[in-house]
Participant: 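I am attaching a structure below and will ask some questions about it afterwards.
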Amino acid sequence: MAWSTPWAPTSAELRACVECGLCLPHCPTFRLTGDETASPRGRLNAMSAVASGAVPLGAAVAEVLEFCLQCRACEAACPSLVPFGRAMEGARAESAAALSRSRLRRRIAGRWIARRGAVRVATALAAVGQRLGAGHWMPGRLRRGLRGMRRLPLRPRSVLGTTHEPAGPPLGTVGLLAGCVMDPWFGGVHRALIAVLTAAGYRVVVPEGQTCCGALATHEGEAAAAERMAVVNRAAFAGVDLVVVDAAGCSAHLVGHGIGVPVEDAVVIVARLLDEGRLPRVPPTGTRVAVQDPCHHRHAQRIVSAPRTIAAAAGYTPLDLDPDAMCCGAAGLYSVAQPEASGRLGRAKADQAAALDVDLVVSANPGCEIQLRSHLAAGIRVAHPVEVYAAAVGLI
Ligand code: SF4
Ligand code: SF4
């Protein structure tokens with residue numbers, strides 16, 4: 001074997017592929033290019049060639065690996081149950097260990113994102129950038145990124161270190177993952193979720209000692225950094241009954257990798273509480289909303305009905321933004337690493353929203369929200385389904 005780290009793709013993972021090609025039509029990068037090396041089968045073949053020693057792990061293989069969105073649409077479509085996401089995480093870890101490329105992205109994902117001071121500085125710079133106006137003097141990628149972000153407060157209100165009690169005896173104690181950028185950039189989502197969970201009868205705690213979930217680090221091949229983050233989160237959430245996560249990428253990572261206590265995505269628990277009659281509903285208004293399925297919901301966790309249940313409980317008529325469930329092109333730092341492919345996928349979502357003629361899209365992942373908002377036509381709002389619900393029933 002030519003691999004060198006404990007995260008490497010295993011022979012069993014690679015052998016599971018029978019090369020049937022049924023995943024190819026579901027792969028966004030294959031659909032963009034028609035190129036076998038941009039397909040799941042081609043990527044698994046590249047990993048097998050490295051594993052057997054037939055091909056060195058050099059720049060050519062790294063390019064094949066890095067063009068993958070890690071959206072896992074192939075995994076959901078594969079009849080042989082190839083664990084593509086796990087194998088690709090392992091291959092990225094190998095590539096990061098063997099090659100010195102993508103150092104800045106790896107440093108951001110593996111170190112800076114978990115440092116609150118660094119996130120605070122980035123947030124302050126972005127807030128100032130928004131106030132200066134995203135003018136044409138800015139580089140195009142930065143301008144688009146700022147356009148996609150919510151209006152950032154100069155002094156973000158953090159929910160870290162807070163505890164929220166329900167009106168009566170608590171049904172249980174839920175720990176909220178504050179996340180790396182969710183807390184300063186999407187604090188409104190946290191506040192909406194806390195309001196909904198306490199209204200349903202849960203005590204919500206947001207432990208101060210937690211850190212980033214590690215998803216971005218794992219995406220960029222920084223598996224050791226992700227494991228260090230998991231150790232911190234295990235300690236921070238010890239003693240809660242359930243960890244709830246309101247960002248699809250983070251919930252997929254924590255559900256897949258585990259932190260010692262049960263983990264559930266926010267849309268799943270809110271939809272269940274609605275089904276159990278613990279939360280109110282508003283009557284249908286006939287207003288249409290497009291539901292965008294983050295890949296980390298639809299493909300990684302097979303979550304499909306929950307956001308639609310929540311949108312319907314908020315009085316909306318939910319429509320599929322993309323019945324083919326293609327990735328929007330956000331995919332961690334993909335829009336930075338592969339701006340051309342990411343832009344094409346983002347523009348496809350904008351066309352789909354325009355065709356549906358909606359003025360609201362719900363998405364339960366911060367990266368998808370930024371990507372959608374930077375491509376959608378002006379006037380189309382993007383929000384988390386739990387935020388939309390909490391506002392509709394008067395909880396926020
Ligand atoms: S990954 Fe699965 S669907 Fe794709 S070629 Fe291999 S066996 Fe077939
Ligand atoms: S994870 Fe997504 S982009 Fe990568 S091979 Fe699978 S379907 Fe294609």
Participant: Is the closest side-chain heavy-atom distance between Trp7 and Thr218 below 4.5 Å?
Facilitator: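 No, every pair of side-chain atoms sits at 4.5 Å or beyond.
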
Participant: Has the side chain of Arg131 got a donor or acceptor atom that lies under 3.5 Å from a matching backbone atom of Ala127?
Facilitator: yes

Participant: Would you say Gln130's side chain and Leu152's backbone share a donor-acceptor pair under 3.5 angstrom?
Facilitator: yes

Participant: For the atom pair CD1 (Ile194) and CG (Leu176), what is the distance rounded to the nearest 0.5 Å?
Facilitator: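 Spacing of CD1 (Ile194) from CG (Leu176) equals 5.5 Å.
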
Participant: Can you see which heavy atom on Ala330 is nearest to which on Cys368, and at what distance?
Facilitator: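 Shortest heavy-atom separation between Ala330 and Cys368 comes out as CB-N, 3.9 Å.
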
Participant: Do Arg31 side-chain atoms and Pro25 backbone N/O form a donor-acceptor pair below 3.5 Å?
Facilitator: yes

Participant: By side chain to side chain contact (heavy atoms under 4.5 Å, CB included), which residues pair with Ser4, not counting sequence neighbours?
Facilitator: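 Scan of Ser4 (side chain to side chain contact (heavy atoms under 4.5 Å, CB included), adjacent residues dropped) gives Glu94.
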
Participant: What do the steps show when you test Phe30 against Cys74 for side chain to side chain contact (heavy atoms under 4.5 Å, CB included), and what is the final call?
Facilitator: CA-CA 11 Å; Phe30 179 74; Cys74 50; over 6 Å; no

Participant: Output the distance between atom CG (Asp35) and atom CZ (Phe67), rounded to the nearest 0.5 Å.
Facilitator: 8.5 Å

Participant: Looking at Arg116 and Asp183, is any side-chain nitrogen of the basic one under 4.0 Å from a carboxylate oxygen of the acidic one?
Facilitator: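 No, Asp183 and Arg116 are not salt-bridged.
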
Participant: Are Leu360 and Val388 side-chain neighbours, meaning at least one heavy-atom pair lies under 4.5 Å?
Facilitator: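 Contact flag for Leu360/Val388 side chains = yes.
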
Participant: Apply the test side chain to side chain contact (heavy atoms under 4.5 Å, CB included) to residues Trp185 and Ile370: give CA-CA distance (whole Å), side-chain angles for both, the deciding distance (0.1 Å), then the verdict.
Facilitator: CA-CA 10 Å; Trp185 296 6; Ile370 292 174; 4.2 Å; yes

Participant: Could you tell me whether the side chains of Asp265 and His297 share a donor-acceptor contact shorter than 3.5 Å?
Facilitator: yes

Participant: State, with a plain yes or no, whether a side-chain heavy atom of Leu14 is found less than 4.5 Å away from one of Leu44.
Facilitator: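 SC-SC contact between Leu14 and Leu44 confirmed.
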
Participant: Is there a donor-acceptor pair under 3.5 Å between the side chain of His299 and the backbone N or O of Cys327?
Facilitator: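 Between the backbone of Cys327 and the side chain of His299 there is no qualifying donor-acceptor contact (under 3.5 Å).
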
Participant: Checking Arg43 side chain against Val64 main chain: does a donor-acceptor pair fall under 3.5 Å?
Facilitator: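 At least one qualifying donor-acceptor pair exists.
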
Participant: Group every Ile, Leu, Val, Met, Phe, Trp and Tyr by side-chain heavy-atom contacts under 4.5 Å, then state whether Leu171 and Val174 land in the same group.
Facilitator: yes

Participant: Nearest 0.5 Å please: distance from the CG atom of Leu69 over to the OH atom of Tyr334.
Facilitator: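 Here the rounded value is 4.0 Å.
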
Participant: Would Gln371 and Gln292 count as a side chain to side chain contact (heavy atoms under 4.5 Å, CB included) here? Give the steps.
Facilitator: CA-CA 12 Å; Gln371 171 79 340; Gln292 184 260 351; over 6 Å; no

Participant: Look at the side chain of Thr309 and the backbone N and O of Ser305, then say whether any donor-acceptor pair between them is shorter than 3.5 Å.
Facilitator: yes

Participant: Less than 4.5 Å apart, side chain to side chain, heavy atoms only: is that true for Glu19 and Asn45?
Facilitator: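 A side-chain contact exists here, since the closest heavy-atom pair is under 4.5 Å.
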
Participant: Do His375 and Arg147 make a side-chain contact, defined as non-hydrogen atoms from C-beta onward lying under 4.5 Å apart?
Facilitator: no

Participant: Hey, are the side chains of Met88 and Leu65 touching, using non-hydrogen atoms and a 4.5 Å cut-off?
Facilitator: yes

Participant: Under the side chain to side chain contact (heavy atoms under 4.5 Å, CB included) test, which residues partner Asp241, sequence neighbours left out?
Facilitator: Thr173

Participant: In the single-linkage hydrophobic clustering (I, L, V, M, F, W, Y; side-chain heavy atoms under 4.5 Å), do Val231 and Ile259 co-cluster?
Facilitator: no

Participant: When rounded to the nearest 0.5 angstrom, what is the spacing between CZ in Arg115 and SG in Cys180?
Facilitator: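 Going from CZ on Arg115 over to SG on Cys180, the span is 14.0 Å.
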
Participant: Ignoring hydrogens, what is the shortest heavy-atom contact between Ala353 and Leu376? Give both atom names and the distance.
Facilitator: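 Closest approach of Ala353 to Leu376: CB-CD2, 3.6 Å.
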
Participant: Search all heavy atoms of Leu356 against all heavy atoms of Ala290 and return the closest pair with its distance.
Facilitator: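 Smallest interatomic distance, heavy atoms only, reads CD1-CB, 3.9 Å.
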
Participant: Between Asn233 (side chain only) and Cys212 (backbone N and O only), is there a donor and an acceptor less than 3.5 Å apart?
Facilitator: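 Such a contact is found between Asn233 side chain and Cys212 backbone.
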
Participant: Run the numbers on Asp246 and His384 for side-chain hydrogen bond (donor to acceptor under 3.5 Å, both in side chains), then give the verdict.
Facilitator: CA-CA 9 Å; Asp246 53 16; His384 192 287; 5.8 Å; no

Participant: Please check this pair: side chain of Thr29 against backbone of Ala38, looking for a donor-acceptor N/O pair closer than 3.5 Å.
Facilitator: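 Such a contact is found between Thr29 side chain and Ala38 backbone.
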
Participant: Measure the CZ-CZ distance between Arg191 and Phe186 for me, rounded to the nearest 0.5 Å.
Facilitator: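 Arg191 atom CZ to Phe186 atom CZ measures 12.5 Å (nearest 0.5 Å).
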
Participant: State, to 0.1 Å, how close Pro9 and Gly90 come at their nearest heavy-atom pair, and which atoms those are.
Facilitator: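 Closest approach of Pro9 to Gly90: CD-C, 3.8 Å.
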
Participant: Provide the full list of salt bridge (Lys or Arg N to Asp or Glu O under 4.0 Å) pairs with a residue in residues 361-372, sequence neighbours left out, each pair given once.
Facilitator: Arg150-Glu369, Glu369-Arg373

Participant: Indicate the atoms forming the closest heavy-atom contact of Gly85 with Glu75, along with that distance.
Facilitator: N-OE1, 2.7 Å

Participant: For the atom pair CG (Asn365) and NE2 (His296), what is the distance rounded to the nearest 0.5 Å?
Facilitator: 7.5 Å

Participant: Does the side chain to side chain contact (heavy atoms under 4.5 Å, CB included) test come out yes or no for Val386 and Val189, once each step is laid out?
Facilitator: CA-CA 7 Å; Val386 173; Val189 179; 5.6 Å; no

Participant: Would you sort out whether Gln301 and Ser251 count as a side-chain hydrogen bond (donor to acceptor under 3.5 Å, both in side chains), showing the intermediate values?
Facilitator: CA-CA 9 Å; Gln301 300 183 79; Ser251 69; 2.8 Å; yes

Participant: Got a sec, which residues hit side-chain hydrogen bond (donor to acceptor under 3.5 Å, both in side chains) with Glu220, two or more places apart in sequence or on another chain?
Facilitator: Arg105

Participant: Should Trp3 and Leu99 be counted in the same cluster of Ile, Leu, Val, Met, Phe, Trp and Tyr side chains packed under 4.5 Å apart?
Facilitator: no

Participant: Taking the side chain as every heavy atom from C-beta outward, state whether Val255 and Val245 have any pair of such atoms under 4.5 Å apart.
Facilitator: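 No, every pair of side-chain atoms sits at 4.5 Å or beyond.
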
Participant: For Leu216, check side chain to side chain contact (heavy atoms under 4.5 Å, CB included) against everything at least two apart and list the hits.
Facilitator: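 Scan of Leu216 (side chain to side chain contact (heavy atoms under 4.5 Å, CB included), adjacent residues dropped) gives Ala109, Ile113, Leu333.
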
Participant: Quick one: salt bridge (Lys or Arg N to Asp or Glu O under 4.0 Å) pairs with a partner in residues 273-301, sequence neighbours left out?
Facilitator: Arg272-Glu276, Asp275-Arg281, Glu276-Arg278, Asp293-Arg298, Asp293-Arg308

Participant: Taking only Lys NZ, Arg NE, NH1 and NH2, and the carboxylate oxygens of Asp or Glu, determine whether Arg106 and Glu222 approach each other closer than 4.0 Å.
Facilitator: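 Between Glu222 and Arg106 there is a salt bridge, with a charged N closer than 4.0 Å to a carboxylate O.
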
Participant: Cluster question for you: counting only ILVMFWY and a side-chain heavy-atom cut-off of under 4.5 Å, with indirect links fine, are Leu254 and Val206 together?
Facilitator: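 No: no chain of side-chain contacts under 4.5 Å links Leu254 to Val206.
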
Participant: Atom CZ of residue position Arg151 - does it have more than 12 heavy atoms of other residues, nucleotides or ligands inside 6.0 Å?
Facilitator: yes

Participant: Which pair of heavy atoms, one from Glu13 and one from Val82, lies closest together, and at what distance?
Facilitator: O-CG1, 3.9 Å

Participant: Checking the side chain of Ser95 only, and the main-chain atoms of Ala62 only, is there a donor and an acceptor separated by less than 3.5 Å?
Facilitator: no

Participant: In terms of hydrophobic clusters joined by side-chain contacts under 4.5 Å, are Leu197 and Val267 together?
Facilitator: yes

Participant: Is any side-chain heavy atom of Lys349 less than 4.5 Å from a side-chain heavy atom of Met326?
Facilitator: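 Yes, their side chains come closer than 4.5 Å.
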
